[in-house]
Amino acid sequence: MAEGKKKKKIDGAENEIFASCDFASLGLHPALCDQLRDRMGFEAPTLVQAQAIPVILSGRHVLVNAATGTGKTVTYLAPVIHQLQKYEQRIQRSDGTFALVIVPTHELCMQVYEILQKLLHRFHWIVPGYIMGGEKRSKEKARLRKGISILVATPGRLLDHLKHTSSFIHMNLRWIIFDEADRILELGFGKEIEEILDILGSRPHVSESKDAEFVRQNLLLSATLNEKVNHLANISLENPVMIGLDDAKTQASSKQVTLLDNAIETLENSGKAPVTPNAEYKLPAQLNQRYVKVPCGSRLVVLLSVLKKLFTGEASQKIVVFFSTCDAVDFHHALISQFHGLSTFVSHTETRELFVKCNILRLHGNMKHEDRVKAFNAFKSEKSALLLSTDVSARGLDFPKVRCIIQYDSPGEATEYVHRVGRTARLGEKGDSLLFLQPIEVDYLEELKKHGVMLTEYPLVKLLDGFPTKQLRSRKFVSVEMHPWVLDLQKSLESVILSDMKIKKSAQNAFCSWVRAYSAHRGELKGIFMVKKLHLGHVAKSFALKEQPSLVGRSVQKKHTEKRKRTHKVKEGLKKKRKMVNNEEGD
Ligand SMILES: Nc1ncnc2c1ncn2[C@@H]1O[C@H](COP(=O)(O)OP(=O)(O)OP(=O)(O)O)[C@@H](O)[C@H]1O
């Protein structure tokens with residue numbers, strides 16, 4: 001939370017974060033403005049808030065596209081609260097739900113709910129609430145029966161209650177908001193969303209329950225929009241105002257965006273979302289983006305070396321490492337939490353210390369709900385910690401002061417790259433990101449370039465040369481794989497695996513699911529991340545496994561074929577595949 005943050009300018013006016021106006025001038029109620037200032041520490045609106053809030057207050061449907069960490073949550077919550085507190089007759093719990101916020105993950109659900117609670121402090125008659133997979137249905141039913149004015153929900157659980165909880169009153173529903181709209185669809189919840197919109201009678205031209213006084217207003221928000229959002233926009237928004245979709249227009253207007261008419265006039269579009277396949281994504285200008293080219297077999301050693309360097313250089317810092325599967329998160333968490341470094345080289349006292357000295361947390365969709373909540377809260381409040389995670393953390397989560405994002409397993413779609421790196425460099429803060437690529441994967445940089453994302457190379461050899469080794473070093477450049485530090489560290493890692501059956505099993509599981517996830521890349525990315533180009537022996541090495549690659553490889557291939565056959569039978573193949581990797585998002 002960027003509480004008490006001052007106005008900030010980065011590299012000139014175009015990267016200005018805050019607008020030169022105050023919340024009151026946007027038309028918000030004074031008590032809400034006090035709340036934003038006193039409780040949240042927000043002195044001025046961000047640019048997107050200044051642009052969008054007046055438009056949302058006008059009642060129009062809106063599609064908002066703004067960079068990660070620019071304050072989109074308050075952009076939609078503040079106008080909704082403003083309108084609800086304005087009702088002549090105070091709304092009551094028995095009136096049921098007035099606003100619905102649909103989000104893709106449990107963590108984002110909790111986060112939005114917490115912000116809501118803070119914003120509603122002075123408006124005690126407006127009741128916030130949440131429903132999401134993992135929670136007890138019976139408790140949620142009881143809360144819905146009592147009445148929730150603003151409800152935050154994941155799509156699967158929401159649909160469940162819409163169908164089976166008769167005491168869920170939604171006849172007064174006025175707002176439906178999709179936060180991280182594209183992710184909800186990517187997770188395969190398109191059908192659920194259509195069903196939800198049908199049940200709520202909220203599709204344009206379908207709804208007959210509209211009267212002049214009580215019009216529906218739907219909002220869609222994301223830092224990245226893709227073709228899927230076009231579809232959602234078409235089925236849920238009616239003649240929407242687009243905010244942030246046309247850079248030239250929005251930047252030109254960003255200085256005097258406080259007037260509603262001006263904002264609508266300047267930003268209004270035809271009503272069809274102009275999303276092109278190669279749309280440029282907005283990234284925080286102050287984000288330092290790099291990639292490191294690492295041969296497959298040396299990946300684990302390089303990851304640990306980078307982490308060691310980062311945590312040694314700056315003892316107090318927060319780093320997130322993204323993996324493609326839950327098993328990979330579990331394995332690396334277990335390994336890093338017990339690895340003490342080079343067994344034959346460091347002194348006795350040193351070996352007692354962890355190789356990467358920090359609090360190590362993990363977060364993924366296969367964890368128990370309570371453990372997810374614990375990890376999420378811990379990483380939020382820690383001053384220094386390492387979070388190992390799947391993409392369950394990639395969207396919308398606002399962990400304060402994250403210094404660096406490491407994408408150890410590549411993200412796939414460029415949109416996912418943007419959201420992962422968006423966990424750092426929020427609201428004008430500094431941030432670094434590092435993308436791991438194997439030499440056979442470097443074409444991925446071209447893929448990112450198509451979306452205006454440019455990375456510079458990380459000096460890997462310099463990093464490796466900075467570590468001590470037993471062997472005398474020749475002056476000549478040796479390959480990364482043959483670097484003495486890499487050889488020594490790899491040996492030590494392999495000895496940990498050899499001496500502990502439990503962690504060995506975890507490494508094998510992680511290896512198998514990693515290969516499965518690798519083969520699940522879709523579309524053009526299949527041509528970059530090709531399983532057949534992988535050397536499975538080297539992949540095994542990257543899990544510190546010494547096993548013959550063919551043994552593990554065969555079982556993986558067999559499992560993979562079986563899985564494919566099963567998946568074919570399931571209608572919604574995409575949903576299945578994504579859940580295999582990330583599990584339980586959106587339910
Ligand atoms: N006007 C403001 N002044 C100061 N801080 C703000 C303001 N508005 C939002 N913030 C803070 O900025 C941070 C980012 O906000 P938020 O999470 O809403 O961004 P976002 O655009 O939704 O990001 P993402 O695309 O990653 O979901 C939060 O810590 C929030 O508290």
Side-chain angles (χ1 to χ4, degrees), residues 1-3 5 19 22-24 26-66 68-87 91 97-105 107-132 148-154 158 173-181 184 216-223 241 243-244 395-398 426-427:
M1 185 69 66
E3 294 187 6
K5 208 160 265 173
D22 55 22
F23 280 107
L26 305 180
L28 295 174
H29 189 274
L32 184 53
C33 298
D34 289 351
Q35 197 65 10
L36 284 163
R37 194 189 51 240
D38 302 339
R39 200 160 175 90
M40 316 283 288
F42 298 176
E43 289 172 21
T46 62
L47 281 182
V48 66
Q49 288 162 356
Q51 286 178 341
I53 288 174
V55 187
I56 299 175
L57 284 174
S58 78
R60 297 284 303 270
H61 287 228
V62 180
L63 198 155
V64 179
N65 175 221
T68 49
T70 51
K72 291 188 285 297
T73 318
V74 164
T75 302
Y76 62 81
L77 289 181
V80 168
I81 296 171
H82 169 90
Q83 301 288 21
L84 281 177
Q85 60 76 39
K86 224 173 65 175
Y87 282 22
I91 63 165
T97 299
F98 286 84
L100 192 56
V101 182
I102 305 179
V103 294
T105 62
E107 286 74 17
L108 191 52
C109 192
M110 288 190 290
Q111 183 175 293
V112 174
Y113 172 70
E114 279 168 21
I115 297 168
L116 243 184
Q117 277 185 311
K118 284 190 189 162
L119 287 173
L120 287 173
H121 194 66
R122 300 268 289 268
F123 309 102
H124 57 88
W125 62 97
I126 306 173
V127 180
Y130 64 88
I131 51 173
M132 61 181 166
I148 295 173
S149 324
I150 304 179
L151 179 66
V152 192
T154 52
L158 172 64
L173 192 74
R174 183 165 162 188
W175 293 273
I176 302 180
I177 299 147
F178 296 96
D179 195 350
E180 305 291 351
I184 296 170
R216 278 290 163 73
Q217 182 182 16
N218 295 348
L219 314 171
L220 244 86
L221 303 98
S222 184
V241 177
I243 290 181
R395 289 292 182 128
L397 298 193
D398 186 45
R426 295 175 75 72
L427 211 74

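Since we're looking at a predicted model, the values are computed, not measured.
- Note that CG of Leu108 is 10.0 Å distant from CG of Asp398, once rounded to the nearest 0.5 Å.
- A donor-acceptor pair is defined here as one N or O able to donate and one able to accept, closer than 3.5 Å; such a pair exists between the side chain of His82 and the backbone of His29.
- Side-chain N or O atoms of Gln35 include one that pairs as donor or acceptor with a backbone N or O of Lys118 at under 3.5 Å.
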Between Thr73 and Leu221, does the side chain to side chain contact (heavy atoms under 4.5 Å, CB included) criterion hold? Intermediate values first, please.
CA-CA 9 Å; Thr73 318; Leu221 303 98; over 6 Å; no
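- Here CD1 of Ile176 is found 6.0 Å from CD1 of Ile102. Values are rounded to the nearest 0.5 Å.
- Between the side chain of Gln49 and the backbone N or O of Gly71, at least one donor-acceptor pair lies under 3.5 Å.
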For Gln217 and Ile56: C-alpha separation, side-chain torsions, deciding distance, then whether side chain to side chain contact (heavy atoms under 4.5 Å, CB included) applies.
CA-CA 8 Å; Gln217 182 182 16; Ile56 299 175; 3.7 Å; yes
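- Proximity of a side-chain donor or acceptor of Asn65 to a complementary backbone N or O of Ala223 within less than 3.5 Å is detected.
- Between the CG atom in Leu36 and the CD atom in Glu43 there is a gap of 12.0 Å [rounded to 0.5 Å].
- In terms of heavy-atom proximity, Arg426 sits nearest to Gly396 at NH2-O, 4.1 Å.
- Separation of atoms CZ (Arg174) and CD1 (Ile91) is listed at 10.5 Å; rounding is to 0.5 Å.
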Give the C-alpha distance, both sets of side-chain angles, the deciding distance and a yes or no for side chain to side chain contact (heavy atoms under 4.5 Å, CB included) between Glu180 and Val103.
CA-CA 6 Å; Glu180 305 291 351; Val103 294; over 6 Å; no
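- Minimum heavy-atom separation, Val64 to Ala52: CG2-CB, 4.3 Å.
- With Ile177 as the fixed residue, the side-chain contact (heavy atoms from CB on, under 4.5 Å) test singles out one of Val80, Val112, Thr75: Val80.
- Closest of all the heavy-atom pairs between Ile126 and Gln85 is CD1-N, 3.8 Å.
- Judged by distance alone, with hydrogens and angles left aside, the side-chain atoms of Thr154 form no donor-acceptor pair with the main-chain N or O of Thr105 at under 3.5 Å.
- Looking only at distances, a side-chain donor or acceptor of Arg216 sits under 3.5 Å from a matching main-chain atom of Leu173.
- For Asp179 and Lys72, the salt-bridge test fails: no basic side-chain N is under 4.0 Å from an acidic carboxylate O.
- Tested against Leu100 for a side-chain contact (heavy atoms from CB on, under 4.5 Å), the candidates Ile148, Ile150, Leu151, Val152 yield a single pass: Leu151.
- Scanning both residues, Tyr130 and Cys109, for their nearest heavy atoms gives CB-SG, 3.8 Å.
- Nearest approach of Ala44 to Ala19, heavy atoms of both residues: CB-O, 4.1 Å.
- Between Phe98 and Tyr87, the ring planes are perpendicular. Angles over 60° get that label, and only those under 30° would be called parallel.
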Check against side chain to side chain contact (heavy atoms under 4.5 Å, CB included), Ile81 and Phe123:
CA-CA 8 Å; Ile81 296 171; Phe123 309 102; 3.8 Å; yes
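- Atom CD1 of Ile53 sits about 5.5 Å away from atom CZ of Phe23, to the nearest 0.5 Å.
- Here CG of Leu120 is found 11.5 Å from CD1 of Ile115. Values are rounded to the nearest 0.5 Å.
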